[in-house]
J.: 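One structure follows; several queries about it will come next.
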Amino acid sequence: MNMIVKDTQAGDAVERGIGAYLDEIVALRHDLHRHPELAFHEHRTSEIVVSRLSSWGYEVATGIGGTGVVATLSRGEGQRSIGIRADMDALPIEEATGLAHASVHRGVMHACGHDGHTAILLAAGRYLAEAGRFDGTVRLIFQPAEEIGAGARKMLSEGLFERFPVDAVFGLHNWPGVPTGQFGFVAGAAMASVDQCNITIVGKGGHGAEPQLTVDPVLATASLITALQSVVSRNVDPQEMAVVTVGSIHGGSASNVIPESVALKLTMRAFNEATRALLGEQVPALACAQAESFGATAEVDYRRGFPALINHRAETELARSVALEAFGPGQIVSNFKPRTASEDFAFMLEEKAGSYLFVGNGDSASLHSANYDFNDAIIAPAARYWVRLVETFLA
C-alpha cells in the first residue's frame, strides 16, 4: 500500500497549501485509476479535468486533439507564458493489483501512471489559481493518446501552440526504481525514438516430412532474427545507443506442416536521428537479403513512430535549479541516465523549448505491468515542483 506523505515544513506556503487538499487529490487519482480510458476515449477524464479547472477560474478550451484540454490562467502584465503537460490515457492491460481502487473496466488499466500525472497537474493548478505568485500566463495541457504516440501530434496539428502560445513547455513522468520523490534531469537526448517494422517472410508451404519440396519461411525467419542483432553490433557506432527487438512471431499451426509465411513485429529505438535513419535502412535491407538467401521473399512495412525526446539545455538547467532550491541536493538523482523508452512529448519539444523530467515512483512494479500502481506519495512533491517552476519562470 502506498503511504500518503504530506509536506509539513513550517514556512512553506506551497507545501501547506497543497497539503490542505491532498486527500482530495489522492481520492481523485484513485477515481481516475478506477475508471481508465484508452487513447482518444478519455471523455470522462476530460470532463473531470474541465470541471475542476473551470471551478478554479481557468479559461478552459476542450476538444484539442480529440479529448485534449488546455487551461489558461493569466496574472499581472507579464508577457511570458509557460506550458505544463500531463497525459491522461490508459493501456489495454488487464489489471492484477487487487487494489481497492483497481480498474472496473476489463482489459483496461492505468499501468503507466497517467492518472497520477493528471492528479499532480490538477493539484498544482489549484494552488496556482488560489495562491500562485506569478506574472504572466500559465497553460495547463492535458493530452490524450500518449500511449499510441498520436496525441501530441494531433494537438499540434490542430494549432496547440498557435492558439495557446508558450515560451517553454515542460512535462514529467514517474519512474519505478528511482527513490520515491527524487527528481531526475537529462539535458539533450532523454528518451529514445521509436519505430515499428512488420515483416512477413513468404516461402512455399508443404509437408513437414518433405522439406526439400518447400521454401521454409520458419528457417529463414530464425536466421533473420539472429542476423538482425548484427545491425546493432556491427552497423551502429559502438558509442551510440540502438535497440532492435523482435517482439512477435507468428507462423504455422501444426508440427508437421511447413507454413507459407511467418510474420514478425519489431521495434527499433535510438537516441539520434542518424542512428535512427541507419536502422531504417539496414533492417529492411537485411530482411530482404536473408529471405532471398533461403529462396523466400520479405514483405516489409516500416513505420516511423516518433523521434527521440531531446531536452533543451537551458530549460533543463532551469528545471534542475528549481528542484535544487525547493528540495535540496538530496532529492536530486545526480547520475540520472537517459531512458530507452519513448514519449510523444518529443513532438512538443521539436516545436518549443522545454524539458521533460522524471520523479521516482519508488520500489513499484515496472511501467506497463499488470501489477503497477502509481505512488501517491509523489503527488505532493511533484505538484509543489510544478508550482515552483511556474513561479520561477514567471517571476
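Values reported hereafter were calculated over all heavy atoms of this structure, with side chains retained and with hydrogens, waters and symmetry mates removed. None of these values were measured; they are calculated from a predicted model.
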J.: For Phe374, does the six-membered ring have the charged nitrogen or CZ of Arg29 within the cation-pi criterion, i.e. under 6.0 angstrom from the centroid and within 45° of the normal?
T.: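 That pair does not qualify as a cation-pi contact.
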J.: Cluster question for you: counting only ILVMFWY and a side-chain heavy-atom cut-off of under 4.5 Å, with indirect links fine, are Leu309 and Leu318 together?
T.: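 Yes, Leu309 and Leu318 fall within the same hydrophobic cluster.
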J.: Taking Glu343 first and then Arg85, would you say they form a salt bridge - that is, a charged N and a carboxylate O separated by under 4.0 Å?
T.: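 A salt bridge is present here (some side-chain N lies under 4.0 Å from a carboxylate O).
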J.: With rounding to the nearest 0.5 angstrom, report the CE to NE2 distance, Met88 to His41.
T.: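 If I round to the nearest 0.5 Å, the distance is 13.0 Å.
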J.: Please indicate whether Gln212 has more than 12 foreign heavy atoms, meaning atoms of other residues, nucleotides or ligands, lying under 6.0 Å from its CD.
T.: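 Yes.
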J.: Are Phe347 and Ile310 in one and the same hydrophobic cluster, where Ile, Leu, Val, Met, Phe, Trp and Tyr link if side-chain heavy atoms are under 4.5 Å apart?
T.: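 No, because Phe347 and Ile310 fall into different hydrophobic clusters, even though each may have its own neighbours under 4.5 Å.
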J.: Answer yes or no: are there more than 12 heavy-atom neighbours, outside Glu292 itself, under 6.0 Å from its atom CD?
T.: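 Counting other residues, nucleotides and ligands, CD of Glu292 stays at 12 neighbours or fewer.
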J.: With no hydrogens and no angle check, is any side-chain donor or acceptor of Asp135 less than 3.5 Å from a backbone partner on Ala395?
T.: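 Absent.
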J.: For the NE2 atom on His312, are there more than 12 heavy atoms of other groups (residues, nucleotides or ligands in this structure) within a distance under 6.0 Å?
T.: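 Yes - once you tally the heavy atoms of other residues, nucleotides and ligands closer than 6.0 Å, there are more than 12.
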J.: Salt bridge between Asp344 and Arg153, side-chain N to carboxylate O under 4.0 Å?
T.: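 A salt bridge is absent here (no side-chain N lies under 4.0 Å from a carboxylate O).
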J.: Taking salt bridge (Lys or Arg N to Asp or Glu O under 4.0 Å) as the test, write out the residues that go with Glu130, two or more places apart.
T.: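 With neighbours one apart ignored, the set is Arg126.
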J.: Take a 6.0 Å sphere around NE2 of His250 and say whether it holds more than 12 heavy atoms from other residues, nucleotides or ligands.
T.: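 No, because the 6.0 Å sphere around NE2 of His250 holds 12 heavy atoms or fewer from other groups.
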J.: Is the NZ atom of Lys204 crowded by more than 12 outside heavy atoms at less than 6.0 Å?
T.: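 Atom NZ in Lys204 is not crowded, with 12 or fewer foreign heavy atoms closer than 6.0 Å.
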J.: Here's a test for you: under side chain to side chain donor-acceptor pair (under 3.5 Å), which of Asn174, Thr45, Asp87 qualifies with His114?
T.: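 Running side chain to side chain donor-acceptor pair (under 3.5 Å) over Asn174, Thr45, Asp87 with His114 returns exactly one hit, Asp87.
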J.: Around atom CG of Asp363, are there more than 12 heavy atoms from other residues, nucleotides or ligands closer than 6.0 Å?
T.: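 Counting neighbours around CG of Asp363, 12 or fewer heavy atoms of other residues, nucleotides or ligands fall under 6.0 Å, so no.
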J.: Are any side-chain N or O atoms of Asp195 and backbone N or O atoms of Gly305, one a donor and one an acceptor, separated by less than 3.5 Å?
T.: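 Yes, Asp195 side chain to Gly305 backbone: donor-acceptor pair under 3.5 Å.
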J.: Please report the interatomic distance CG(Leu91) to OG(Ser369), rounded to the nearest 0.5 Å.
T.: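 Reported value, rounded in 0.5 Å steps: 11.0 Å.
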J.: When you measure from the centre of the six-membered ring of Phe336, is the NZ or CZ of Arg339 closer than 6.0 Å and no more than 45° off the axis?
T.: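 Satisfied, under 6.0 Å and within 45°.
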J.: Nearest 0.5 Å, what's the CD1-CG distance between Ile64 and Leu156?
T.: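 Interatomic distance, Ile64 CD1 to Leu156 CG, rounded to 0.5 Å: 11.5 Å.
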J.: When you check the gap from the basic side-chain N to the acidic O, do Glu273 and Arg276 get nearer than 4.0 Å?
T.: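 Looking at Glu273 and Arg276, the cut-off is met.
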J.: Judged by atom type as modelled, is there a donor-acceptor pair below 3.5 Å linking the side chain of Ser51 to the main-chain atoms of Glu47?
T.: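 Looks like no, no N/O pair under 3.5 Å.
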J.: So how far is it from Ile379 CD1 to His117 NE2, rounded to the nearest 0.5 Å?
T.: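 Between atom CD1 of Ile379 and atom NE2 of His117 there are 10.5 Å.
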J.: Side chain of Glu95, backbone of Ile93: donor and acceptor closer than 3.5 Å?
T.: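 Judged by distance alone, no pair lies under 3.5 Å.
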J.: Hey, is the main chain of Thr180 close enough, under 3.5 Å, to the side chain of Gln182 for a donor-acceptor pair?
T.: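 Such a contact is absent between Gln182 side chain and Thr180 backbone.
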J.: Group every Ile, Leu, Val, Met, Phe, Trp and Tyr by side-chain heavy-atom contacts under 4.5 Å, then state whether Met241 and Val244 land in the same group.
T.: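 Met241 and Val244: separate clusters.
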J.: Name all residues meeting the ring pair (Phe, Tyr, Trp, His ring centres under 6.0 Å) criterion together with Tyr356; count only those two or more places apart in sequence or in a different chain, and write none if there are none.
T.: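 For Tyr356, the residues satisfying ring pair (Phe, Tyr, Trp, His ring centres under 6.0 Å) (neighbours in sequence not counted) are Phe345, Phe358.
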J.: Side chains of Pro259 and Ser253, heavy atoms from C-beta outward: is any pair under 4.5 Å?
T.: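 Pro259 does not reach Ser253 side chain to side chain.
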J.: Check Met109, Arg34, His33 against Asp115 for a side chain to side chain contact (heavy atoms under 4.5 Å, CB included) and give me the one that passes.
T.: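 Option passing the side chain to side chain contact (heavy atoms under 4.5 Å, CB included) with Asp115: His33.
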J.: Applying side-chain contact (heavy atoms from CB on, under 4.5 Å) to Cys112 and Tyr372, what does each step give before you reach the verdict?
T.: CA-CA 7 Å; Cys112 203; Tyr372 169 87; 5.7 Å; no
J.: Can you tell me how far apart CG (Leu128) and OH (Tyr58) are? Round to the nearest 0.5 Å.
T.: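 Spacing of CG (Leu128) from OH (Tyr58) equals 4.5 Å.
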J.: Using the rule side chain to side chain contact (heavy atoms under 4.5 Å, CB included), only one of Leu219, Val257, Ile258 pairs with Thr214; which is it?
T.: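 For Thr214, the side chain to side chain contact (heavy atoms under 4.5 Å, CB included) test succeeds with only one of Leu219, Val257, Ile258, which is Ile258.
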J.: Rounded to the nearest 0.5 Å, what separates atom CG in Asn272 from atom CG in Asp237?
T.: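 If we round to the nearest 0.5 Å, Asn272:CG and Asp237:CG are 9.0 Å apart.
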J.: Regarding Glu158 and Lys154, does a basic nitrogen lie under 4.0 Å from an acidic carboxylate oxygen?
T.: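 Salt bridge present between Glu158 and Lys154.
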J.: Considering only NZ, NE, NH1 and NH2 on the basic side and carboxylate oxygens on the acidic side, decide whether Glu37 and Arg44 come within less than 4.0 Å.
T.: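 Looking at Arg44 together with Glu37, the answer is no, because their closest N to O distance does not fall below 4.0 Å.
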